[in-house]
Protein chains: 2
Amino acid sequence: MSPAREQILQTTGALLERQGCHATGLNEIIRESGAPKGSLYYYFPAGKDQLVAEAVLEGARGVAERIRANMADLGLEGFVMRIADGVEASGYAAGSPLTAVAMETATTNERINLACREAYGMIVAAFRDGLVEQKPGEEGAAALALFVTAAVEGGIILSRTQHDATPLRVIAAQLGRLEHREGS
Amino acid sequence: MSPAREQILQTTGALLERQGCHATGLNEIIRESGAPKGSLYYYFPAGKDQLVAEAVLEGARGVAERIRANMADLGLEGFVMRIADGVEASGYAAGSPLTAVAMETATTNERINLACREAYGMIVAAFRDGLVEQKPGEEGAAALALFVTAAVEGGIILSRTQHDATPLRVIAAQLGRLEHREGS
DNA sequence: GTCTATACGGTGATAGAC
DNA sequence: GTCTATCACCGTATAGAC
C-alpha cells in the first residue's frame with residue numbers, strides 16, 4: 001500500500017484523537033501529513049467519511065494489538081497503568097481516535113458509526129482473549145471484557161478532561177482488585 | 001432568569017448530546033429552540049464558548065440531581081439499569097452533553113474544558129455521596145465513585161455506538177456484583 | 001430586547017490541467 | 001498520481017435599525 005496513503009491515515013487518526021471528527025478538516029490533514037494535496041480524493045474517493053472510517057479502524061487495530069501483546073505480561077492492572085502513562089506522556093491528547101468520533105457520529109453518520117462498532121468489537125475481543133488467557137476457566141469473560149473496556153474508556157475521558165492521569169490510575173487499581181478477587 | 005435564555009440552554013444541551021460541539025451550529029440552536037434569533041449574543045455575549053460551557057454545566061447539574069434522587073431507592077445496579085432504559089428510549093441519542101464535548105475540547109478550548117472538569121466533579125461527588133449513604137462505613141468511596149462514573153460513561157459510549165442497551169445493562173450487572181461484594 | 005443584513009473565513013467536494 | 005482553481009455552502013461574529 002502507498003506510503004502517502006498510510007501517512008494520511010496516520011495523521012488523520014492523530015487529529016481525530018485530539019479534536020474529534022467535525023473539528024478536523026481535510027486541509028488540516030493534508031497540511032499536517034505533508035502528503036501531496038491532490039492525492040486525498042485519489043486514495044479516498046468516498047471523501048471524508050471513508051477517510052475517518054478507515055482511520056478509526058486502523059487505530060483500533062493498533063489498540064487491539066497492544067492489548068494482545070501486553071496483557072499477558074503486565075496483567076490487567078499493569079496494562080491500564082501503562083495506558084495512564086501514555087495518556088500523561090501525550091499531554092492528555094491521546095487514547096484512540098475512537099471515543100470522540102464514536103460519540104459524534106453514533107446517530108448522525110451511518111458509515112462511520114459502523115466502523116466504530118467494528119472497532120469496539122476488536123478491542124473488546126482483545127480484552128476477552130487476554131482475560132481468558134489469564135484465567136482459563138473463567139466464566140463471563142465476555143461480560144468482564146465489556147466492563148473493562150467501558151471502565152478504561154471512561155477513565156481516558158476523565159483523565160483527558162482533568163489533565164491528570166490519576167483517574168486512570170485509580171481505575172487501574174480498582175480493576176486490579178477485581179482481577180484478583182474473581183471467583184464467580 | 002429569562003425563559004428564552006433557559007430554552008436556548010436546554011436545546012443546546014440536547015444538540016450537544018447528539019452531535020458534540022463542533023457539529024452544533026448557532027443557527028441550528030436558534031432554529032431548534034424557536035428562541036428569538038437576535039437574542040443569542042444578547043444573553044451569551046461571549047459567544048459559543050460561553051453557551052456551550054453553560055449548557056454543559058446545566059446538563060451535569062441535572063445528572064447529579066438524578067443521581068442524588070434515585071441512588072438510594074434503586075441502588076447502584078438499578079440506577080444504571082435505568083440509565084440504560086433512558087439511552088434506549090432516546091434512540092441512543094442521550095447520555096449527558098458531557099462526553100462528546102469533553103473529548104472534543106480537552107486540549108483545544110480552555111474555557112469549555114474547565115466547565116467539563118467542574119461538570120464531572122459534580123457527577124463524581126453525587127455518586128460518592130450516594131455510595132456513602134448506602135454503605136456508611138465504606139472506605140474508598142471516592143475511588144469507587146470515580147470508577148463507577150468511568151464505567152457508566154464508557155457504557156454509554158458503547159451502547160450509543162452499538163445502538164443497543166445491552167452493554168450498559170451488562171455493566172450495571174457487573175457494578176451490582178461489586179456493590180454486593182464490597183468489604184475492602 | 002429583538003431582528004436583519006452582512007463580513008469573512010473555512011468547509012467538503014469536483015473538474016480539468018499536467 | 002498529483003496539483004490548482006473553483007464551487008456552493010455553512011460557520012461565527014458584528015453592526016446598526018427598530
Side-chain angles (χ1 to χ4, degrees), chain A residues 1-56 97 100-101 103-105 107-115, chain B residues 1-56 97 100-101 103-105 108-113 115:
Chain A
M1 188 183 292
S2 159
R5 191 187 146 96
E6 206 52 42
Q7 180 61 32
I8 291 174
L9 274 179
Q10 196 188 318
T11 67
T12 300
L15 289 170
L16 292 178
E17 217 161 297
R18 267 180 289 180
Q19 308 169 334
C21 189
H22 278 90
T24 300
L26 298 182
N27 296 337
E28 193 183 7
I29 291 171
I30 288 304
R31 196 188 332 122
E32 203 100 340
S33 72
K37 179 156 189 172
S39 55
L40 217 168
Y41 277 86
Y42 174 77
Y43 289 121
F44 304 93
K48 196 184 188 183
D49 285 7
Q50 181 188 0
L51 178 53
V52 171
E54 289 198 31
V56 162
V101 175
M103 287 297 293
E104 286 178 286
T105 61
T107 55
T108 56
N109 186 311
E110 195 178 351
R111 175 166 193 170
I112 298 178
N113 174 43
L114 288 175
Chain B
M1 185 183 293
S2 158
R5 192 187 145 96
E6 206 51 43
Q7 180 59 34
I8 292 174
L9 274 179
Q10 197 188 316
T11 66
T12 301
L15 289 171
L16 291 177
E17 217 162 298
R18 268 182 288 182
Q19 306 169 334
C21 189
H22 279 92
T24 300
L26 298 183
N27 297 337
E28 193 182 5
I29 291 170
I30 288 304
R31 195 188 335 122
E32 204 100 341
S33 72
K37 179 156 189 170
S39 57
L40 216 167
Y41 278 87
Y42 174 77
Y43 288 120
F44 304 92
K48 194 183 188 183
D49 285 7
Q50 181 189 358
L51 178 53
V52 171
E54 290 198 32
V56 162
V101 175
M103 287 298 292
E104 286 179 286
T105 61
T108 56
N109 186 311
E110 195 178 351
R111 174 165 196 170
I112 299 179
N113 174 42

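The basis for the numbers below is simple: all heavy atoms, side chains too, and nothing from hydrogens, waters or symmetry mates. In what follows, chains carry the letters A, B, and so on, assigned in the order in which the sequence lines appear, proteins first and then strands, with residues in each chain numbered from 1.
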Using whole Å, what does the distance between atom [atom2] of nucleotide [N] and atom [atom1] of [X] come to?
X	N	atom1	atom2	result
A/Tyr42	C/dG12	OH	C1'	21 Å
A/Ile30	D/dG1	CD1	P	16 Å
B/Leu51	D/dG11	CG	P	14 Å
A/Leu26	D/dT4	CG	P	17 Å
B/Phe44	D/dT14	CZ	P	16 Å
B/Tyr43	C/dT2	OH	C1'	9 Å
A/Tyr41	D/dT6	OH	C1'	14 Å
A/Ile29	C/dT11	CD1	C1'	12 Å

ask   = Looking at C/dA13, D/dT2, C/dT4, which one has an atom nearest to any side-chain atom of A/Lys48?
value = C/dA13

key: Which nucleotide in D/dT4, C/dG12, D/dT12 has an atom nearest any side-chain atom of A/Lys37   =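 The listed nucleotide nearest to A/Lys37's side chain is D/dT4.
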
query = Is there a donor-acceptor contact under 3.5 Å linking the side chains of B/Gln10 and B/Glu6?
reply =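 Absent: no donor and acceptor within the cut-off.
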
message = Can you see whether A/Gln19 engages A/Thr24 through a side-chain donor-acceptor pair at a distance of less than 3.5 angstrom?
response =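 Yes.
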
request  = Establish, with yes or no, whether the OP1 or OP2 oxygen of D/dC10 is under 4.0 angstrom from a side-chain nitrogen or oxygen of B/Asn27.
outcome  = no

request  = Considering only NZ, NE, NH1 and NH2 on the basic side and carboxylate oxygens on the acidic side, decide whether B/Arg18 and B/Glu32 come within less than 4.0 Å.
outcome  = yes

request  = Between A/Ala23 and A/Pro45, name the one whose nearest nucleotide on DNA chain C is closer to the 5' end.
outcome  = A/Ala23

inquiry  = Please identify which of these residues, A/Leu16, A/Leu26, A/Ile112, meets the side chain to side chain contact (heavy atoms under 4.5 Å, CB included) condition with A/Leu51.
reply    =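 For A/Leu51, the side chain to side chain contact (heavy atoms under 4.5 Å, CB included) check succeeds only for A/Leu26.
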
